[in-house]
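Please find one structure pasted underneath; my questions will follow.
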Amino acid sequence: EVQLVESGGGLVQAGGSLRLSCAASGFTFDDYAIGWVRQAPGKEHEGVSCISSIDVSTDYADSVKGRFTISRDNAKNTVYLQMNSLKPEDTAVYYCAADRADNCFVVNWDISAYDYWGQGTQVNVSS
């Protein structure tokens with residue numbers, strides 16, 4: 001059974017930090033790009049960041065560049081999203097997703113291309 005399980009969300013004050021984790025199982029993790037997508041209340045899904053498998057390239061939305069860092073540990077089948085200098089506008093449900101084609105793009109990327117999705121973890125940033 002394919003599973004992507006996010007954890008690490010919570011409530012934090014503006015300026016604070018959180019580290020999200022995405023633990024994968026049931027597929028060959030090393031072959032997949034992993035992305036983070038968020039959805040704020042009443043808004044569309046927004047690609048946040050991604051990391052490829054083969055060359056470990058990364059991409060970030062402009063809104064999080066310089067604040068968020070994505071990384072992966074293939075030995076643990078886990079991807080991390082370190083989020084620093086959090087802002088109230090970062091409040092959203094954060095999902096991780098896996099792409100078998102190992103594509104890693106955030107801008108103008110059709111998120112329906114992701115093959116697998118997690119259930120999401122809530123991040124709330126208070127002002």
Side-chain angles (χ1 to χ4, degrees):
E1 178 188 5
V2 170
Q3 281 194 313
L4 290 169
V5 180
E6 303 94 335
S7 60
L11 174 63
V12 64
Q13 287 189 328
S17 298
L18 286 172
R19 188 176 81 155
L20 305 184
S21 298
C22 171
S25 61
F27 62 98
T28 307
F29 180 78
D30 295 10
D31 291 344
Y32 285 70
I34 304 295
W36 286 96
V37 178
R38 68 186 179 186
Q39 186 174 29
K43 295 191 176 181
E44 300 277 331
H45 285 88
E46 176 193 17
V48 174
S49 182
C50 60
I51 184 165
S52 69
S53 175
I54 294 177
D55 60 3
V56 202
S57 61
T58 60
D59 197 13
Y60 297 92
D62 286 344
S63 58
V64 306
K65 277 181 182 176
R67 300 189 298 123
F68 290 12
T69 302
I70 192 170
S71 61
R72 66 189 295 157
D73 184 339
N74 287 348
K76 296 182 178 180
N77 284 6
T78 301
V79 167
Y80 304 98
L81 186 68
Q82 178 67 44
M83 306 188 297
N84 298 329
S85 303
L86 282 161
K87 304 176 181 180
E89 50 264 44
D90 295 317
T91 294
V93 178
Y94 284 71
Y95 301 90
C96 66
D99 179 4
R100 176 63 181 90
D102 202 26
N103 294 301
C104 176
F105 303 100
V106 171
V107 179
N108 294 325
W109 179 245
D110 182 0
I111 62 172
S112 69
Y114 284 116
D115 298 286
Y116 308 127
W117 288 80
Q119 82 290 346
T121 186
Q122 178 71 48
V123 171
N124 290 307
V125 184
S126 63
S127 57

**Study point:** Check: Asn84/Ser17 side-chain N/O donor and acceptor closer than 3.5 Å
**Key:** yes
Exercise for review: Would you confirm whether Asp102, through its side chain, and Ile54, through its main-chain N or O, come within 3.5 Å as a donor-acceptor pair?
Suggested key: yes
Check your understanding: Is it true that the side chains of Ser21 and Thr78 contain a donor and an acceptor less than 3.5 Å apart?
Key -> no
Exercise for review: Would you check if Phe68 and Leu86 make a side-chain contact, meaning some heavy-atom pair closer than 4.5 Å?
Suggested key: yes
Point to revise | Minimum heavy-atom distance Asn74-Asn77, with the two atoms named | key: O-OD1, 3.0 Å
Review point. Hey, are Tyr80 and Arg19 close enough side-chain-wise for a donor-acceptor pair under 3.5 Å?
Key: no
**Study point:** Heavy-atom pair with the smallest gap, counting every atom of Thr91 and Ala40
**Key:** O-CB, 3.6 Å
**Study point:** Qualifying residue, where the test is side chain to side chain contact (heavy atoms under 4.5 Å, CB included) with Leu4 and the options are Tyr95, Tyr114, Tyr116
**Key:** Tyr116
Check your understanding: Do Asp73 and Phe29 come close enough that some side-chain heavy atom pair is under 4.5 Å?
Key -> no
Check your understanding: Measuring from Ile111:CD1 to Glu44:CD, what's the distance to the nearest 0.5 Å?
Key -> 8.5 Å
Review point. With a 4.5 Å heavy-atom cut-off, do Asn124 and Val12 have their side chains touching?
Key: no
Practice item. May I ask you to test the Gln13-Ser127 pair for a side-chain heavy-atom distance under 4.5 Å? Key: no
Point to revise | Leu20 and its side chain to side chain contact (heavy atoms under 4.5 Å, CB included) partner, picked from Val79, Ile70, Leu81 | key: Leu81
Check your understanding: If you look at every heavy atom in Ser49 and Val106, which pair is closest and at what distance?
Key -> CA-CG2, 3.7 Å
Practice item. Tell me, please, whether Tyr32 has Arg72 positioned over its six-membered ring: NZ or CZ under 6.0 Å from the ring centre and within 45 degrees of its axis? Key: no
Check your understanding: Quick one: are Tyr94 and Met83 in side-chain contact, heavy atoms under 4.5 Å?
Key -> yes
Review point. Under 4.0 Å between a Lys/Arg side-chain N and an Asp/Glu carboxylate O for Asp62 and Lys65?
Key: yes
Revision key, fill the gap. Distance col, row Asp59:CG vs Asn103:CG, nearest 0.5 angstrom, shows 11.5 Å
Review point. Side chains of Trp36 and Glu6: does their closest heavy-atom pair fall under 4.5 Å?
Key: yes
Check your understanding: Can you tell if the side chain of Asp90 reaches within under 4.5 Å of the side chain of Arg38, non-hydrogen atoms only?
Key -> yes
Exercise for review: Treat each ILVMFWY residue as a node, draw an edge where side-chain heavy atoms are under 4.5 Å apart, and state whether Ile34 and Val48 are in one component.
Suggested key: yes
Point to revise | Heavy-atom pair of closest approach, residues Val93 and Gln122 | key: CG2-OE1, 3.1 Å
Practice item. Grab the two heavy atoms, one from Ser57 and one from Cys104, that are nearest each other, plus how far apart they are. Key: O-SG, 3.8 Å
Exercise for review: Verify side-chain contact (heavy atoms from CB on, under 4.5 Å) between Trp109 and Asp99, making sure each step is shown before the conclusion.
Suggested key: CA-CA 12 Å; Trp109 179 245; Asp99 179 4; 3.7 Å; yes
**Study point:** CA sep, side-chain torsions, deciding dist, call: Glu46, Ser63, side-chain contact (heavy atoms from CB on, under 4.5 Å)
**Key:** CA-CA 10 Å; Glu46 176 193 17; Ser63 58; 3.4 Å; yes
